[in-house]
Amino acid sequence: MLDTRDILETIQMIHQENLDIRTITMGISLFDCVSEDEKRLCQKVYDKITRRAERLVSVGEEIEKQYGIPIVNKRVSVTPVSLIGGTLTSDGYVHLAQTLERAAEQLGINFIGGFSALVHKGMTESDRNLLGAIPQALAQTRLVCSSVNVATTKAGINMDAIAQMGSIIKQTAYLTRDEQSIGCAKLVVFANVPEDNPFMAGAFHGVGEPEAVINVGVSGPGVVSSAIRRAGDCDLSALAEVIKKTAFKITRVGQLVASEAARRLDTPFGIVDLSLAPTPAIGDSVAQILEDMGLESTGAHGTTAALAMLNDAVKKGGVMASSHVGGLSGAFIPVSEDAGMIAAVNRGALSIEKLEAMTAVCSVGLDMIAVPGDTPEEVLCGIIADEISIGVANTKTTAVRVIPAYGMKEGDRVSFGGLLGEAPIMALRPYSPAAFIRRGGRIPAPIHSLKN
Amino acid sequence: MKAVITVTGKDNVGIIAKVSAVCADYKANILEISQTVLHEYFAMIMLCDIADLSVSFMEFSDSLTRLGKETGLDIHALHEDIFNSMHKI
């Protein structure tokens, strides 16, 4: 028989330490929906998504019951719509976003991602129209998520696109001002975006992916925290072992759920994403892990080192537990979605500069950070350019999800509720990067991109 | 197909009988039982064969959860694969 301690450990992880499967995300290709006629395109998109993912939610619930583990989100990601929109105008793209929303509502899923464009080297007319539609699309829908890839290590950084994103984020904040600029929480700017990411708001179904695929994102900061506390006063080599073993167990559950979902939905298994994804719930915090490792507060000097070690140990433990690992795979450090991060900002221990440094050693970037509503566009562009450079120079994914909360100033707070949590408005540097951003063009790819 | 039923909580009279009765009602065959009582704290683990279950696993698990609520105990029925995946290589 199974070992009693092992059984009780699993039960404790699920019921006391918030172990859950954060998301089962079904990726769906929309390439066969292409049509010159807007109405026909929208109809085909709606039909395909609702047919392909028809059983996603019910199968997710069945698996939840069978293994006794909560599956918090069921989501769909689709081909970046700028690739299938063809001749759509910006208005047409807004209609397409509404179609995605209707499909998501019909399925009962939590989010749908893929209102996206890949513009790291330049923009097509279709990309341009999609970007123009983002603010309205996010204002008129609740479940649609948007992402734009503005750089890769191979192509360099498209600064023209970054300049445009600054303006798009501001418009989105304005159009959703009645809900504390929540639209910006559904929009991510990426460097080196992964094509199989199951997490929102950045999920889309990449061009190299099959017709449909099941990707799973695990969670479990609470489990890692508890394991570290149990380990007591050991040295860091021993602590790394503890984290690895815990990550292995967490990821095995992800692998089990992913293969079972793939089997039941008759859809190939894609990847398990090894990210430690926090929630605003107490005890489900990445910041808490860092503090359990020995920091007085996240943001203290030493935070980057602790996070680098945590991130590495999670990957090492997780990679052996899954047949295919992908997506973002690393510790997430969103501010609003992590009670420990919020507390660190509130006590003045964690600044945006420290967060930026932390993103150099983990996924995914400056995430869910609220800044004053009157932040100039160019400053947002500067924030994006800095973060994207870290990704490009380090050949890793980085991203920015920043919320210039309309009408709010430093010291105020936004509160979105649910998984999106709440965030104090953070201070920014008052100096302008406007002349640098105005130069436009592309920052060339770094020398180490020339590997062939 | 096997399921693991875990029952934890304060010890009281007839816990095993009540859980066994649900198993019998739904034709879950109990293969092994192990239990420990530490002070007043009770932990029981049951391994059941659920191949011939008369209802869906979801219903079976729901009725055990209900029993747990009625008796003030924490009762969960989980497919054994989750334990095998987590703890065996």
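For clarity, every value in this text was computed on a predicted model and none was experimentally measured. By convention in this document, chain letters (A, B, ...) are assigned in the order of the sequence lines, proteins followed by strands, and residues within each chain are numbered from 1. Hydrogens, waters and symmetry mates are skipped; everything else that's a heavy atom, side chains included, is used.
Counting only heavy atoms from C-beta outward, the side chains of A/Val253 and B/Ile82 approach each other to under 4.5 Å. Taking the side chain as every heavy atom from C-beta outward, B/Asp81 and A/Leu256 approach each other to under 4.5 Å. Looking at heavy atoms from C-beta onward, A/His15 lies in side-chain contact with B/His76 at the 4.5 angstrom threshold. Side-chain contact between A/Arg252 and B/His87: absent, with no pair of heavy atoms (C-beta onward) separated by less than 4.5 Å. When side chains are defined from C-beta on, B/Thr8 counts as touching A/Leu8, because their heavy atoms get closer than 4.5 Å. At least one side-chain heavy atom of B/Phe83 sits less than 4.5 Å from a side-chain heavy atom of A/Thr10. Residues A/Ile7 and B/Leu78 are not in side-chain contact: their nearest non-hydrogen atoms beyond the backbone lie 4.5 Å or more apart. Contact annotation: the side chain of A/Met320 approaches that of B/Ile89 to within less than 4.5 Å [non-hydrogen atoms, C-beta and beyond].
Between atom NE2 of residue B/His79 and atom NZ of residue A/Lys65 there is a gap of 15.5 Å, rounded to the nearest 0.5 Å. Here the OG atom belonging to B/Ser85 is positioned 13.0 Å from the NZ atom belonging to A/Lys249, to the nearest 0.5 angstrom.
For A/Ile282, the CD1 atom sits in a loose shell: 12 or fewer heavy atoms of surrounding residues, nucleotides or ligands are nearer than 6.0 Å. Environment of CG in A/Asp235: crowded, with over 12 heavy atoms of neighbouring residues, nucleotides or ligands closer than 6.0 Å.
Contacts between residues 220-234 of chain A and chain B, counted as heavy-atom pairs separated by less than 4.5 Å, involve no residue at all.
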Handout entry: Residues A/Met13, B/Met86; criterion side chain to side chain contact (heavy atoms under 4.5 Å, CB included); working and verdict
Key = CA-CA 11 Å; A/Met13 281 181 176; B/Met86 268 178 120; 3.1 Å; yes
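With respect to A/Asp6 and B/Lys88, no salt bridge is recorded, no charged nitrogen being found less than 4.0 Å from a carboxylate O.
For A/Ile63, no part sits under 4.5 Å from any heavy atom of chain B, backbone or side chain. For A/Glu64, no part lies under 4.5 angstrom from a heavy atom of chain B.
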